[in-house]
Structures are given as structure tokens and as C-alpha cells.
Amino acid sequence: MEAGEVASNFQKWCHEQGCQMEKIKVTKTCRGFGLETTAALKAGEVALSIPLDLCLTLAASARSRIGQHLLASDTVRGQRISAQALMYVVMIDGWHDPSSKWHAYLRQIPSRHGDPLWWTMPQREERLAGTQLLYEVQRHERQLEAVYASLFPALSQEQPEIFPKERFTWKAFCWARSSLSSRCFALEHLEKFMSQSEQKEHQASAELNSQLEPNEARIVECVQPNLYLSPHEQERLALDFPGVLCPLLDTANHDPSVLVDVGLCNSKGELHLGVSQRSAVDAGQEYFINYGNHRSNLQLLLGHGFCVPENPQDTLPLKLGQQPTVHESKIRQEAHKMAGLDLDQVFELSVKTPMPEPLLATIRLVVLPINKIYKMMQSGDLREQLLRPIECQLDPHAEVETFCVLRRELLKKQRALPANTSSWQGSLPSCPGFDDWCEYYASLYRVGQQDIIRAALCDAFVREQAAMDKREAYILQEEEEEEEQVDDDEVLEDKELPAKKPRAS
């Protein structure tokens, strides 16, 4: 089926389900589907909304036909089932089952995704060698394999007509995982209104119709009980997924510069989940939402299959690891505990904060002589002392050595990162294919990591030079004071002792 036909069928399904989208249409973009305005939207105007019962929640999944079979199966008897796994099973079943309420929605989701779980092992090594993301991809894959193995092929053997093995494959499980990760909304959006006026309007309507108490704390639960798990369902599930799938709303693409509101709103007397932008949008423009301004490129690429250039939230993880000087010294080990510092801690560096002070404090404990550490332990709050530059009076070399160690660690990280050999550095490829997009985003991720390393190296160089200047001035002052002391001693030696008076006879 052509992309245009898929978009048209999905939009028709949205209208049939009661979605409100008078000024919005589903359209094909360079990266897949998206939303486009058919008329101008004012700032704060609800652009689109969906009925609450269209949301695919954990509760709806647990009460679905396939969900009930899963919960009642011998395979998982006595176990708490991963909530994510339940969602995966329901999504895979709904993709195949035309009678599923969400069949048309699930069918329009791409059959493959661009996140690194879909890359081959050689592609991961080539694109992500030396990065934290490579480790995270492998860790996520191992966890997903373990969840899959806990259910299949056992379920297919126990109930082959309900869980046919040709349907519930590893590839299908990966599709469900990436689809859920890249499209889910936080459940908290279903617990608040978009504005106070929307809440007052709904409460007034509820009072008028005697449907709800005006001060009902969980208004949504009264209107749509399938949004929340029962106590029994909560006991059966490992609640590792605090999210919800929202058809149509999740078709909007991400723009980190856009400010949006997502929450409950009134639509023709019914409670809907809606979205609005805080700025006006002209007709004929793509309608974006914001997936969150606090996500690093690692989180975006792993969860959504894309990342953004010059992401201010991007971070570079750095772990010092165990050091021989600490391992061999009980005093250093005790000092680390006293200061609340850990060599195995992963420090997050960023362009804005290229050298977190706890990282520097940890390195100072590595380079300081034991006798100086012991002195600091006896003289007050050790952590507070270590979070500040070491004064030359205590040890003139400690600060310089601290930044030397840090520079070595940063250069190791820099050498481990793959070089950016892409021809489209900094811009989109022309006529991009699927692999082109994957390589482009991998390139953006690597550029972001290198930018952080350069910022940290620059900061380390400046601070190391300042420490060297202080050390030189301190040593010079010490030498001058020693010379003055020597001069004073020499003067004292050269003075003639006063003559003794003759003793009276």
C-alpha cells in the first residue's frame, strides 16, 4: 500500500473513532508520517484531541482478549509479568487482528525503526564504538531478550492458537518495543486538564448532568475506568511502564523549540486528551510537538531513533574506575567513604558543565599524598574541602596533577570515538534512504560527544594553567622567604658579640 493511501486510511479511521482534527491532516514527511495544518491555529488553540477510550493503556491491555489469555496462562503462573511485555503482546496481536480496536492505528506504524537496536552488529560497532550508547544498546537488547525468552516459545507451545509462533517472533517483539518507546506519552497527561478553564467547564457540565462530584479527585477514572489498573492487576504486573499510547497525537514529529500543552479538554461535551502549541501556527505548516527538552541525544537515539544537533541536554558519561593508589591504601578508601565519593560513579559531562565538581573532588583524592589526605580528614568536612581547589599551602602540586589526570581520561575518550567520515556532516543527506538517516543521526551523536570532550579539554587547559601559575607564584614566594631567612641568619652570624665588662676586684 502506498504511503498516501496509508495516511488517508488512518485519517479516516481517526474520524470514525471521534478524533477532533478539523484543522489538521495526516501527511507524508521526509521521515515518515507527520501532521500538517489545513488552517491557521491561534496560540493555545487545541489543534487535535482524541477520546479517552482510544488510548491504549496498561489497563486496556490487561483486559483485552489476548491480555486475559496471557495473564491466565500457565507459563506466567505465579510470576509478575513485565507491563512492557504485556503491551508488546497486545500490540503484536492487534497488528494482525482486524477486529482489534487499534488495528488500523498499529498498521500505520512503520514496520522497522531507526534506533540502534535495528542496526546490525557491524553497523553498531562502526557508528558507536567508544560511546556509552553502544553499551546501552547491548544492555537493552539483553534485557529485551530475557523478557522475550520468559514468554516465548513457551506461550506458543501452551496455546498455539492464541500465540502462534509465526506471529510472536523476536523481530515482532523488537518492533513492538521500538514502537512503544518512540510513541508513548506519560500517563500523567491523563490526570490533568490543559487549563483551569477546561477543568471548570468540565466540572460544571458534570454537576449539571449529575455524573460526577465537582471535587472528584480522579475525574478521569469515573469517566473512563480502562485508564487505570485494578489492585489485582497491579499485583500481577511489574509496573515498568508508566506510559500510554495515544493514536494520532503520536503522529506529530518532534521540535525541541516548540512549547506545547498536553492534557484533558472538552470536545463536544466529551472528555478528550488534546494537544496545543503555545504559539500560533500558520496554515500549511507541519504541526510539531515536543517530546521533552530534558533528553540527551543518547536517550533520543535509543528511544526514538533520532537526535538533534547541538542538543544542550547532551551529556558525555565519564567513569574513572578503580585506581591502584586507592586500592592499595586504606586511608584513601576511608576518605572516599567519608566524602561520599565513588570511583565507579558515572559523571555526566556537558558543554554547559564540562567538569562537574564531584569529578574533580574524586580525582583530588587520587592524586593527593596520604599524609595530606589524613590532615584534611582531621580538619573538618572532607567533601567540602575536596569540592574546592586545593590550596598551595597544603600541596602546591595537587591541582595541576588533578587536571593532568582529567586531560588523560578525556583524551582516551576522544581517541576511542570513531572519526566522522560522513559526507553530510552538519547537514541532511540529499535523497536520504533508511540507512542514510541512521548514519546521519549516528554522526550527530558522535559530533555531540566530541563537542563535549573539546569543551572539557579547553576548560581543563585553562584551569590547569591557572593552577600552574598559582604554584609558580607560591614556589617563588617560598624561595624568596627562604632567601630572606638565610640572609637574616648570615647577618646574625656576622655580628660581633658585645665585649664583657671586666669583673670588679
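Everything quoted here is computed from the prediction, not taken from an experiment.
Only one option out of Ile363, Thr362, Leu365 pairs with Leu343 in a side chain to side chain contact (heavy atoms under 4.5 Å, CB included); it is Thr362.
In this structure, the salt bridge (charged side-chain N to carboxylate O under 4.0 Å, His left out) partners of Lys412, at least two apart in sequence or on a different chain, are Glu409. Under the salt bridge (charged side-chain N to carboxylate O under 4.0 Å, His left out) criterion, Glu334 pairs with no residue at all, not counting sequence neighbours. For the side-chain hydrogen bond (donor to acceptor under 3.5 Å, both in side chains) test, residues two or more places apart in sequence or in another chain that qualify with Asn293 are Asn290. Residues meeting the salt bridge (charged side-chain N to carboxylate O under 4.0 Å, His left out) test with Arg127, sequence neighbours left out: Glu439. A search for salt bridge (charged side-chain N to carboxylate O under 4.0 Å, His left out) contacts involving Arg107 returns nothing, not counting sequence neighbours.
Between His189 and Phe185, the two ring planes are perpendicular [angle over 60°; tilted spans 30° to 60°]. A perpendicular orientation is assigned to the rings of Trp175 and Trp95, their planes being inclined by more than 60° (bins at 30° and 60°).
Side-chain atoms of Ser49 and His272 include a donor-acceptor pair closer than 3.5 Å.
The two residues Leu273 and Cys55 have their closest heavy-atom pair at CD2-SG, 4.3 Å.
Each salt bridge (charged side-chain N to carboxylate O under 4.0 Å, His left out) pair with one or both residues in residues 162-174, not counting sequence neighbours, appears once here: Asp93-Arg167. Residue pairs that meet the ring-ring contact (aromatic ring centres under 6.0 Å, His included) test with at least one member in residues 235-269, sequence neighbours left out, are His254-Tyr291, His254-Phe306. Listed by first then second residue, pairs satisfying salt bridge (charged side-chain N to carboxylate O under 4.0 Å, His left out) with a partner in residues 133-149 read Arg124-Glu141, Glu136-Arg139, not counting sequence neighbours. For residues 349-358, every residue pair satisfying the side chain to side chain donor-acceptor pair (under 3.5 Å) rule, not counting sequence neighbours, is listed here: Glu357-Arg463. Screening residues 75-87 for side chain to side chain donor-acceptor pair (under 3.5 Å), with sequence neighbours left out, gives Asp74-Arg77, Thr75-Glu158, Ser82-Asp240, Gln84-Tyr88. For the ring-ring contact (aromatic ring centres under 6.0 Å, His included) condition, the pairs that include at least one residue of residues 13-34, sequence neighbours left out, are Phe10-Trp13. Evaluation of the salt bridge (charged side-chain N to carboxylate O under 4.0 Å, His left out) test over residues 288-312, restricted to residues two or more places apart or in two chains, returns none.
Put simply, the side chain of Asp314 reaches to within 4.5 Å of the side chain of Gln449, judged on heavy atoms. Using a 4.5 Å heavy-atom threshold, the side chains of Ser61 and Leu56 count as touching. A 4.5 Å side-chain heavy-atom check between Leu349 and Pro356 finds at least one atom pair inside the cut-off.
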